[in-house]
Every structure is written in structure tokens, then in C-alpha cells.
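Hydrogens, waters and symmetry mates are skipped; everything else that's a heavy atom, side chains included, is used.
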Amino acid sequence: MKARWKKVVLSALMVFSLLGHTLTVCAEEQGEDYISEDMEEIVIDNISAETQNETKDASDIGQEFYVGQDFDTNVMTLADEANTDFNNARIIQVNSIVKDAITEEGQQRWYAFGANSGKLTLDLDLRNCSNVDYDVYLYQYDDGQGIITMIDGMAGTRNVEHFARMVEAGVYFVVVNGYSGCDADHPYSLGVVLSTYYDEHEVDDRLQDAYVLSSMDYSVTGTIDNQFDVDIQQYSVTKAGRMYFTLRNNGSKGNIYAIELMDSYGNSLATLNQNKKYNVDLPQGIYFFKVFCSTYGSDYSSTYTLSGETRSGAARVEVTHAGDAARPIQDYKDGPYWRVYSNSYVDGIAYDSNGYIVPNADISIVVRIVDGDRDIYANGKTDSQGRFSIQLNIGDGVGQYSYYASGISWHFYDIVPVSFESNGKRISADIDHFYHFAYQRMLH
């Protein structure tokens, strides 16, 4: 672990008179022609759990954040300025990007600005620099005592150092510390943004600041309130299972949201798009969801909703009912099977490998119909008592077989295979075929 600065108090040798500047952005009004994307189911599996049992101090984890649109307000280039110590700090504005350079290892660059109360975001982008490790720290100025005190910072090892903090109105200092290496020819970018509109879960831009999702079934609504903003949620999987989740854009035309699934280290496992339904098989462990804008359209007040649930896996099912209620078991000449129609419910109970009922289990029914020789899937989950009721939508049968029913009519039907899956794996069941009803022909 790298040795980093400790919290310090410095005497202020000069007095600054700074004005805070807030950024006013109008969210684009949604027209009636807005159409959200159709939900799409995508399966992701084989996520490794090798690092899940290890722990790491979250303050040592660097964050790398993708920004989809240039922030073109108040861009300042200061590489030639002598702002290498506290006394020569350069006055900058909030809602600006500073481009500057560390010209020798160990050098510092100091900046001062006035800010109104709100959410302050600092984003130090080193992707233009080579072989460097820079850190960023935030100080608050106390006019009454004439001192500054460090109140936050990021000292990771990746090429973007990023954090946000709620601040009161006042004067602040930012220092970029050249911890290791330097690149005088390629400037870094320091974004300083003050948001006065933000969601209730802020601040949540770092792993250590993540909003903790406390239940298996959750729904959280938030905003991406500036170009650099990200929202991170922490989720704990106590038992391996399948997670179903969706990131919904709630109407923004300008913002395009995305989500990055990360392990407990902050390593990326997958980057997923808005308005699609995903299945992810997760081993036991701690995970993070990072919501960001792949394209930021200045819709700072528009919202997204991240929702999901985790389902357990079953080992066996017993079918307690299927098809029509009057005569569910039909003893045609081929044997007693449940008789199902174009739209029928299948009810049953799910068990684990030890014979115990499984609540909140993922259950899929697979019926191979004669028409097109294809598989039809129907999905659902068990309730708190391990019971499920899943509707089949398989259309009418073709009628390969017939049965003379007590001199009243002929019944035409197919005999179709049925199987069951849980969390994408085939499981055992007490049935293996259905009578798939096609039609009947009355004799009179």
C-alpha cells in the first residue's frame, strides 16, 4: 500500500475573495414521440468468485470513469502558471475543467475557488499522461482561524481519480499531488463541478460511499446530475443464485444510461445497457452496480430506475396441477398425462437437493411442441412456500393422435415432452410429457 498524505492543517498566508458560480442547465422537455426500448433478456454466466472471499480497504481502490461528452464550460489551461504551492494557488471557477501539468516528480499544483452549498464533484483525468500516479485532495478554508483543513481526497493508482462530497458555502482549495512520475508534455484534466440538484442517495461516487441495497428485491431511482457523476450501489449475495435486473431510462432523450457490474475489488465484470432485462448468475459475495451516462445530455434532473431481485436454484419439482380444472389427468389410450391447452397454468412445488422447499426459486418450463418442432419456454418463480404457478402460451396442438370419447366426440391431441430448469440448469420432475390438446369433433 502506498504511503499517502495524512490530514494536515496549514496556516493561511493570504486572504482570498472568491465568488461561487453555479451552473444552470435546462432539462430538455420530453415530447410525446419518445419511445423507450423494448426489454430484452440477455444471459450472462460463468462469473468467477475467486476474489470474493478476499477483503481490501476501499480507500485504496482507484476508480476509472468513462465520460461520454466533452464538458466545454470554462476550460482553462494553466501549465505555465507557478501554482506549485499553497501561497500561489490559482483562482479557478466551479463548473470548469482545468488543464495543467506536473513538470517534475513530487510537484504539486494548487487551485482555489468559491462555492455555494451543494454537491461538489472532483474528477482528475490522467488518461492523457504516461507513467504517472497523481492524487487529488480537497481542503476547506476557515476564514475565522485563517487555516485550511483537508476534508477529502483520492489516492488510487488508476488513471482517473474521482470523488464527490457535500459542501457548505465557502472557499476551497484543491491540490493535485505528483506522487510518482511526471509528464510535462501531456496535461491532466481536473473537472470541478457543483451540483445543486441531486438525488437522495448522494454522495455515492466511490465504493466506500456506495448506497447499500438491503433486500433481495430492490428498486432505486436516481439522477446523474453532472457529466462526471456516477452512482454506486452495493449488493450482497448471501447464497449463490440468479439475479434479474433492469436499468430503466425514465424518459430522458439526452442522457443514455449504462451500468457496470463490479466485484468486491471494483473490477469490472460486465457493462450493460439501459432498457434491457439481464440475467446474471452470481456466486456468493459482495457486488457493486455503477450507474453512469455513456452519453450525458445535460438532463441533470432526469431519472433512471435500477431494479432487481435474486432467485435461488431448485433441484426438483413436483407438478400438482396443469391444464383444465375439470379433468386435469386425462387417461387417453397412451397413458395418464396432464392435459394442457393453448393457454394453461402449471402449478407445482420446488425442492432443493435435500428435499426442502425452495422459496424465491427460478423455475422455467420447457415444452417441445409439434408445430415447428420447437421449444416454448415459460418462466416464473416460487413463493415463500416454494409453490409456483406459471402460465404456458403454447398455442393449439396439431392433432397427431385421436381418442374416441364415450360416443360423444373425437379428441385430437399431441404427446409433447416437458422438462424443467432452474437457474439455467435442467432439474428433475415427476412428469415428462403433456397431452397437448388440438381440437375435438362432435359426433352429433
Side-chain angles (χ1 to χ4, degrees), residues 39-45 216-217 240-246 277-281 308-332 334-353 355-401 411 413-438:
M39 301 299 290
E40 177 182 336
E41 185 168 340
I42 300 174
V43 178
I44 301 173
D45 53 18
M216 294 181 66
D217 296 349
R242 171 163 292 190
M243 166 169 273
Y244 290 70
F245 67 92
T246 301
K277 182 178 180 180
Y278 291 95
N279 302 336
V280 183
D281 292 324
E309 58 180 311
T310 296
R311 299 184 188 174
S312 303
R316 176 176 61 89
V317 297
E318 291 181 1
V319 174
T320 58
H321 184 272
D324 56 331
R327 297 187 63 188
I329 291 287
Q330 181 64 55
D331 191 5
Y332 289 144
D334 303 288
Y337 297 127
W338 297 98
R339 184 174 63 186
V340 296
Y341 294 78
S342 59
N343 294 285
S344 295
Y345 279 90
V346 178
D347 302 333
I349 305 174
Y351 300 90
D352 64 16
S353 57
Y356 297 103
I357 61 170
V358 184
N360 202 44
D362 173 57
I363 303 294
S364 295
I365 305 173
V366 187
V367 180
R368 190 164 191 84
I369 64 173
V370 174
D371 184 13
D373 189 26
R374 55 197 174 94
D375 289 336
I376 303 294
Y377 282 78
N379 304 303
K381 70 172 182 175
T382 61
D383 61 15
S384 61
Q385 301 301 313
R387 297 183 178 275
F388 62 86
S389 182
I390 301 174
Q391 186 177 20
L392 300 177
N393 293 286
I394 57 177
D396 293 324
V398 173
Q400 289 184 320
Y401 300 91
H411 289 190
Y413 59 92
D414 305 322
I415 301 174
V416 295
V418 58
S419 59
F420 293 80
E421 297 179 357
S422 184
N423 282 356
K425 299 178 181 179
R426 180 81 172 264
I427 60 176
S428 63
D430 61 340
I431 66 168
D432 54 14
H433 285 83
F434 282 143
Y435 284 131
H436 183 193
F437 193 80

What closest approach, in Å, do [X] and [Y] show between heavy atoms, and which atom pair accounts for it?
X: I427; Y: A314; value: CG2-O, 3.2 Å
X: N343; Y: Q391; value: CB-NE2, 3.9 Å
X: A315; Y: D352; value: CB-C, 3.7 Å
X: T382; Y: N360; value: OG1-N, 3.0 Å
X: F434; Y: A322; value: CE2-CB, 4.0 Å
X: Q385; Y: I357; value: O-CD1, 3.3 Å

Inset, instruction - Check the side chains of D347 and T320 for a donor-acceptor pair under 3.5 angstrom, ignoring hydrogens and angles. - result: no
Inset, instruction - Classify the side-chain pair N379/S364 by whether it contains a donor and acceptor separated by less than 3.5 Å. - result: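 Side-chain D/A pair, N379 to S364: present.
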State the [atom1]-[atom2] distance between [X] and [Y], to the nearest 0.5 angstrom.
X: S419; Y: I431; atom1: OG; atom2: CD1; result: 10.0 Å
X: I369; Y: I394; atom1: CD1; atom2: CD1; result: 7.0 Å
X: D396; Y: D371; atom1: CG; atom2: CG; result: 10.0 Å
X: Y244; Y: N279; atom1: OH; atom2: CG; result: 4.5 Å

Any heavy-atom pair between the side chains of [Y] and [X] that's under 4.5 Å?
X: L392; Y: I365; answer: yes
X: R311; Y: M243; answer: no
X: Y377; Y: E421; answer: yes

Legend entry - Of Y413, Y435, Y332, the residue whose pairing with R339 passes side-chain hydrogen bond (donor to acceptor under 3.5 Å, both in side chains):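 Among Y413, Y435, Y332, the one meeting side-chain hydrogen bond (donor to acceptor under 3.5 Å, both in side chains) with R339 is Y332.
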Indicate yes or no for a side-chain donor-acceptor contact from [X] to the backbone of [Y] under 3.5 Å, with no hydrogens or angles considered.
X: D414; Y: Q400; answer: yes
X: S422; Y: I363; answer: no
X: H436; Y: G397; answer: yes
X: D430; Y: V319; answer: yes

Classify the ring geometry between [X] and [Y] as parallel (under 30°), tilted (30 to 60°) or perpendicular (over 60°).
X: Y337; Y: H433; answer: tilted
X: F420; Y: F388; answer: tilted
X: F437; Y: Y341; answer: tilted

Inset, instruction - Taking the six-membered ring for Trp and the full ring for Phe, Tyr or His, determine whether the centres of Y351 and Y356 are under 6.0 Å apart. - result: no
Legend entry - Residues forming a salt bridge (Lys or Arg N to Asp or Glu O under 4.0 Å) with R368, sequence neighbours excluded: D373, D375
Inset, instruction - Test salt bridge (Lys or Arg N to Asp or Glu O under 4.0 Å) on D281 and R242 and set out the steps. - result: CA-CA 4 Å; D281 292 324; R242 171 163 292 190; 2.9 Å; yes
